[in-house]
There are 2 protein chains.
Amino acid sequence: MATLKDIADAAGVSIGTVDRILHNRGRFSAATAEKVRRLVDEMDYTPNIHARGLKKTGRRSFAAVIPDIEQDAGYWRLVSAGIERASRELASFCEPVVTFSYDQFSTESCLSAIAAAAGSGADGLMIAPVMPPEGIEQLRKMDIPFMFIDTDVPGLEKRLAFIGQDSFQSGILSGRLMKMLTADSTEEKSGPILILEPEAANSHLQSRADGFVHFLSNNKPELEFEYLQVQTDTEKDFHQSLETFFSRKKRLPRGIFALNSSVYFLASYLDPAGQRFRDIPIIGYDLIEGREYYIENETINFILTQQPEEQAYRGIMLLYDTLVLNRTVGRDITVPLNIITKENLHTFTAGNKENNQEFVYE
Amino acid sequence: MATLKDIADAAGVSIGTVDRILHNRGRFSAATAEKVRRLVDEMDYTPNIHARGLKKTGRRSFAAVIPDIEQDAGYWRLVSAGIERASRELASFCEPVVTFSYDQFSTESCLSAIAAAAGSGADGLMIAPVMPPEGIEQLRKMDIPFMFIDTDVPGLEKRLAFIGQDSFQSGILSGRLMKMLTADSTEEKSGPILILEPEAANSHLQSRADGFVHFLSNNKPELEFEYLQVQTDTEKDFHQSLETFFSRKKRLPRGIFALNSSVYFLASYLDPAGQRFRDIPIIGYDLIEGREYYIENETINFILTQQPEEQAYRGIMLLYDTLVLNRTVGRDITVPLNIITKENLHTFTAGNKENNQEFVYE
DNA sequence: ACCTTTTGCGTTATCGTTAACGCAATTCTA
DNA sequence: TAGAATTGCGTTAACGATAACGCAAAAGGT
């Protein structure tokens with residue numbers, strides 16, 4: 001590998017000059033610059049990441065802004081785990097990542113968390129914004145760079161990237177799976193497809209629902225849909241919402257689509273009820289630790305997920321790559337939409353063990 | 001973050017001593033050792049990965065042993081791409097990874113490729129072994145560490161890890177999907193499930209078939225199975241095999257399961273034929289660049305994949321982590337079994353853009 | 001013509017870890 | 001007990017990139 005010194009020798013100048021040229025910090029002649037840049041190209045020079053990282057050790061710090069860890073049935077706990085993992089891995093060369101959490105049902109809370117994070121001295125922010133348009137102005141005024149996970153806010157100058165999923169498309173995918181699950185027309189099942197809408201659903205969840213309905217109305221027009229607003233604050237509230245609903249209904253739904261991880265609350269309601277709800281196809285979102293049981297016993301047929309742990313991990317790593325190592329990062333990563341069912345469940349949960357890396361000395 | 005110097009100061013010794021103790025390379029007293037180790041624990045010392053990497057720059061080299069890049073309809077090309085990506089990323093601190101390829105239908109060829117790789121001066125090997133039991137002895141005698149991808153050979157002293165999928169389980173998953181795809185019993189479809197077996201199928205592919213049949217005979221006992229041996233050397237040979245088969249048959253198969261990426265050859269045979277083969281559910285393996293068309297137009301209903309590019313990338317990185325950075329790595333990573341269908345296809349292919357990272361200078 | 005900037009470049013200390021080297025003090029050997 | 005070997009430790013030069021600093025020579029200003 002060519003080093004700065006190799007380039008310098010080849011160009012007949014010192015490493016200081018080469019460095020100044022590559023970083024464009026003045027004090028060099030156009031002629032030398034041209035020669036150096038040509039040599040950098042020819043000799044295929046790539047900065048040594050370790051040398052760069054070493055020099056910049058311990059000077060940067062990042063902060064994350066996400067909803068409260070208890071909200072969304074544990075979804076944000078996974079995000080938090082990803083942040084933790086990245087933080088540990090970067091421990092040698094960054095301050096620990098500080099997380100600012102907020103109440104996802106309050107725009108004000110979100111904005112003040114962002115303000116707090118921005119004022120914390122961090123060099124970069126990872127934000128999961130549940131952000132109505134009015135909030136944008138505050139972001140526009142911020143002077144530190146940030147990236148978004150989960151939900152995007154495009155068109156901001158300091159925005160580095162977005163890592164998230166295509167919500168509408170994920171709804172479409174759910175629709176496809178639901179079509180398959182309801183293909184069995186031997187039994188007489190005529191109920192509607194039930195869509196469980198968390199209260200205060202964000203545009204995200206709305207897109208999922210839209211994609212779902214869009215696919216099915218095009219591909220299985222005979223289906224009817226019914227929306228049910230549910231309380232997702234606690235498991236008990238959620239069960240209450242369902243109890244009310246099912247006690248009024250004579251017809252069982254033909255299938256149920258839960259827009260987020262509240263699908264596990266649904267499962268914990270239906271599963272103990274036994275025979276009555278057996279065979280209702282259920283599709284929902286997110287793999288929550290400790291809730292795998294309901295996938296294993298097929299109460300839940302399909303879970304879709306964007307691997308939030310991984311997503312958050314990569315968000316922090318992106319900040320590091322961009323701000324510390326000065327890599328340019330391809331913007332707007334669309335994360336894979338994973339389909340999880342009983343048979344591949346364990347390949348998504350067991351894999352986490354791989355990260356139990358420890359340093360050894362020799 | 002605590003550094004070696006912090007530990008040394010706290011212990012009242014020099015960094016040289018601390019280093020010798022942590023690396024266990026003699027010349028220290030038991031008392032000092034105990035004190036230092038206690039302090040390392042207390043002060044939560046973690047070696048700075050960049051400093052370590054910098055010091056060890058450019059000394060290690062790795063080699064990969066995989067089947068010929070043209071075999072398996074492009075599968076190994078993906079593996080190769082993953083190796084390349086890792087190699088690029090490690091360029092600052094390792095020699096470029098050298099790949100030794102072999103003919104997957106010849107054990108001898110495989111063993112001699114391994115021998116060549118082992119003799120190439122590499123410090124570690126990543127091997128994709130298509131390896132009958134007799135070959136194992138040669139591996140046992142090797143004196144450099146190695147890891148396996150794709151297929152495992154357990155019980156060897158120098159074996160560092162295995163990264164691959166659970167083949168049987170992936171067959172089970174295929175079975176589940178096939179059950180769903182054949183749930184629609186309105187039309188009279190009574191043909192058997194056709195399983196396409198590549199000639200010289202390894203134990204890997206056999207397990208997939210076994211899992212598939214296992215699931216379906218338990219969960220849909222009325223299904224019949226029919227195995228068809230196919231030539232997978234070239235697309236033309238493959239089409240020939242199919243032509244012979246279909247010209248003899250009056251009944252169309254109820255579904256087709258291809259054990260590997262030859263599913264695309266199947267698709268290129270069936271798709272132009274138009275109406276006749278429409279609506280036969282097809283499940284196969286691996287996402288091959290340039291062949292996505294057949295998933296998009298739903299000739300192929302489901303593709304399963306273990307993301308071979310990612311798998312190979314992580315294999316090389318594992319060698320680096322283990323042998324250069326002295327991290328211990330959790331053994332035997334089971335990679336996620338991804339289910340790909342028209343609706344999430346693009347999230348698996350577009351994601352590669354994210355890796356177009358380039359260095360910038362300031 | 002003299003003084004001040006600016007330009008163009010080289011030199012150097014630094015980041016934390018590694019491992020070779022050196023040097024006493026102690027222990028062992030003949 | 002002299003000489004050799006071993007033990008316990010400190011010192012130091014890398015690894016490559018970065019950026020502060022210094023210093024000539026050239027350009028600009030009066």
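Side chains are part of it too, since the values below use all heavy atoms of this structure and drop only hydrogens, waters and symmetry mates. Throughout, protein chains are lettered first and strands after them, A, B, ... in sequence-line order, and every chain is numbered starting at 1.
- Listed nucleotides dG10(C), dG16(D), dC9(D) differ in distance to Val13(A); the shortest reach to its side chain belongs to dG10(C).
- The side chain of Asp19(A) lies closest to dT18(D) when the candidates are dT18(D), dG10(D), dT17(C).
- Among the nucleotides dG10(D), dG10(C), dT12(D), the one closest to the side chain of Ser14(B) is dG10(D).
- Between Phe146(A) and Phe148(A), the ring center distance clears the sub-6.0 Å criterion.
- Between the NZ atom of Lys5(B) and the P atom of dG10(D) there is a distance of 12 Å, given to the nearest Å.
- Nearer the 5' end of DNA chain C, as judged by each residue's closest nucleotide, is the contact made by Ala30(A), out of Ala30(A) and Ile15(A).
- Residue whose closest nucleotide on DNA chain D sits further toward the 5' end, between Arg27(B) and Ala51(B): Arg27(B).
- Between Ala2(A) and Arg20(A), it is Ala2(A) whose nearest contact on DNA chain D lies nearer the 5' terminus.
- For Ile21(A) and dA19(D), the CD1 to C1' distance is 15 Å, given to the nearest whole Å.
- For the pair Leu4(B) CG and dA19(C) C1', the interatomic distance rounds to 12 Å; values are reported in whole Å.
- Ring orientation note: the planes of Tyr320(A) and His50(B) are close to parallel, at an angle under 30° on the 30°/60° scale.
- Although no hydrogens or angles enter the test, the distance criterion places a donor-acceptor pair under 3.5 Å between the side chain of Gln138(B) and the main chain of Leu111(B).
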